[in-house]
Amino acid sequence: MRRRSLLLAAVPAGLVTLAGCGDGSSESSKASASPSASPSSVPPPKIVDGPLPTITAGTKFGEKPTVAKGTGEPSKNLAVRTAIAGSGRVVAENDFIVANYLGQIWATAKVFDNSYDRKTPLVMQLAQGSLIDGWRYGLAGKKVGSRIEMAVPPTWGYGKSGNPDAGIKGTDTLVFVVDLVDSFNSKSSSKGKPVAQNDASLPKIGTNTDGTAPSVDIQQPDPPKKLVSNYVLEGDGPEVKASQTILCQFQGLVWKKGDKGKPFVATYGTGRLSQLSLEQMRQVVKGLADGVTGKKVGSRVLIVVPPDQGYGDNPPSGSPIKKDSTLVFTVDILAAM
């Protein structure tokens with residue numbers, strides 16, 4: 001079955017892009033059986049403790065669970081229980097979550113989707129219009145590191161139309177097991193280890209991790225001629241692949257000696273995060289995409305982009321970027337999908 005990332009379904013709620021980069025959604029976006037948006041806004045549910053089927057195997061956090069068939073009639077309310085209590089930060093509505101999950105139909109125990117087999121957690125925004133309301137209400141207030149089991153009636157799932165591609169009828173209650181791996185909001189930043197910045201020819205970048213924009217101190221008049229991509233904070237996550245989309249905080253400046261940092265684009269302080277498809281970014285600012293590729297999730301990266309790998313002869317109109325501008329970016333790579 002063809003799928004699309006849940007994160008990409010959330011683009012309108014929190015996207016910042018570079019000029020000319022489109023809406024940030026990936027070319028690989030496809031139809032999905034995963035818990036994308038509910039068909040329409042509905043009243044908040046009453047949340048109850050059960051009934052919920054038993055998790056019979058894969059009972060540890062991060063393990064693919066096996067869940068029994070539902071017994072009797074499911075609740076007409078949203079049933080939620082914490083199977084494993086985590087100790088991380090509390091997830092709030094509009095946060096982005098990183099999660100593994102399995103979804104099945106109450107009456108038959110037929111699994112219609114899971115991320116465990118793909119070995120890649122999904123990244124999604126816990127916001128109205130980006131995923132089913134059962135998730136939005138059921139996961140808000142839970143802590144990272146928790147395993148949550150939910151039984152979602154049609155009202156807060158796919159509605160009366162169901163999801164025929166996934167074999168879900170409009171009368172089906174859905175059972176989900178969700179492992180909350182991580183969460184991010186507009187105050188998030190990379191938490192990697194500081195790396196020495198010994199090259200005096202390059203800008204000095206701040207190492208703060210409080211979610212505010214890192215300082216950018218450009219002291220040299222002449223920028224490098226080749227692409228630079230250096231760790232400022234080195235994370236311990238997987239390396240970003242050229243085909244992925246990243247969730248990030250970032251800012252971009254034009255190289256100018258003595259410039260302490262007035263960016264032409266930034267997410268810091270805007271209340272938003274950015275989702276950058278590297279495949280699409282490569283068509284606009286090739287150096288930025290190449291500079292992120294191969295870097296570890298959880299890192300802050302300094303990327304210096306020469307004109308021939310930036311906007312070339314087509315700088316955005318009305319911006320401080322000129323045809324010969326060298327660009328300086330700082331990118332906090334929060335997640336990749």
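Source: prediction; values computed, not measured.
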(message) Please evaluate residues Lys143 and Ser87 with respect to the criterion side chain to side chain contact (heavy atoms under 4.5 Å, CB included), reporting the C-alpha separation (whole Å), side-chain torsions for both, the decisive distance (0.1 Å), and the verdict.
(response) CA-CA 6 Å; Lys143 291 184 177 181; Ser87 58; 5.6 Å; no

(message) Regarding Lys323 and Asp313, does a basic nitrogen lie under 4.0 Å from an acidic carboxylate oxygen?
(response)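 No, this pair does not count.
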
(request) Run the salt-bridge test on Asp49 and Arg81 with the 4.0 Å N-O cut-off and return the result as yes or no. (result)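 Judged by the 4.0 Å cut-off on N to carboxylate O distance, Asp49 and Arg81 do not form a salt bridge.
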
A side-chain contact here means heavy atoms from C-beta on lying under 4.5 Å apart; do [X] and [Y] qualify?
X: Pro316; Y: Tyr311; value: yes
X: Val232; Y: Gln197; value: yes
X: Leu273; Y: Thr267; value: no
X: Phe329; Y: Leu253; value: no
X: Pro203; Y: Ile205; value: yes
X: Tyr158; Y: Leu174; value: yes
X: Glu149; Y: Thr54; value: no
X: Leu139; Y: Ile148; value: yes

(request) Measure the acute angle between the ring planes of Tyr101 and Phe176, then classify it against the limits of 30° and 60° as parallel, tilted or perpendicular. (result)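 Tilted, since the angle between the ring planes falls between 30° and 60°.
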
Has [X] got a side-chain atom pairing as donor or acceptor with [Y]'s backbone, closer than 3.5 angstrom?
X: Gln280; Y: Ser277; value: no
X: Gln275; Y: Thr245; value: no
X: Asp179; Y: Gly62; value: yes
X: Arg300; Y: Gly206; value: yes

Go through the structure and list residues passing salt bridge (charged side-chain N to carboxylate O under 4.0 Å, His left out) with [X], not counting sequence neighbours.
X: Asp117; result: Lys64
X: Glu93; result: Arg136
X: Asp290; result: Arg282, Lys286
X: Lys191; result: none

(request) Taking atom CG of Asp210 as the centre, report whether more than 12 heavy atoms of other residues, nucleotides or ligands fall under 6.0 Å from it. (result)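 Enclosed.
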
(request) Could you tell me whether Asn208 atom CG has more than 12 heavy atoms of other residues or ligands within 6.0 Å of it? (result)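 Result for CG/Asn208: enclosed.
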
Taking [Y] as the starting point, is it possible to reach [X] by hopping between hydrophobic residues whose side chains are less than 4.5 Å apart?
X: Val228; Y: Val216; value: yes
X: Trp135; Y: Ile105; value: yes
X: Val42; Y: Leu78; value: yes
X: Ile47; Y: Val91; value: yes
X: Leu278; Y: Ile303; value: yes

(message) Walk me through whether Glu239 and Lys296 qualify under side chain to side chain contact (heavy atoms under 4.5 Å, CB included).
(response) CA-CA 4 Å; Glu239 293 182 354; Lys296 297 175 185 176; 4.3 Å; yes

(request) Go through the structure and list residues passing side-chain hydrogen bond (donor to acceptor under 3.5 Å, both in side chains) with Ser190, not counting sequence neighbours. (result)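 Result, side-chain hydrogen bond (donor to acceptor under 3.5 Å, both in side chains) vs Ser190: none returned.
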
(message) Running the 4.5 Å side-chain criterion over Ile, Leu, Val, Met, Phe, Trp and Tyr, what cluster does Val177 land in, apart from itself?
(response)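 For the cluster that includes Val177, the remaining residues are Ile55, Val67, Leu102, Trp106, Val111, Tyr116, Val175.
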
(request) Run the ring-centre check on Trp156 versus Tyr137 and record whether the distance is less than 6.0 Å. (result)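 Ring centroids of Trp156 and Tyr137 are no less than 6.0 Å from each other.
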
(request) Show the numbers, then the answer: is there a side chain to side chain contact (heavy atoms under 4.5 Å, CB included) between Thr82 and Lys142? (result) CA-CA 8 Å; Thr82 300; Lys142 302 299 187 288; 3.7 Å; yes

(request) Test Val331 against Lys295 for side chain to side chain contact (heavy atoms under 4.5 Å, CB included), laying out the working first. (result) CA-CA 10 Å; Val331 184; Lys295 291 296 187 281; over 6 Å; no

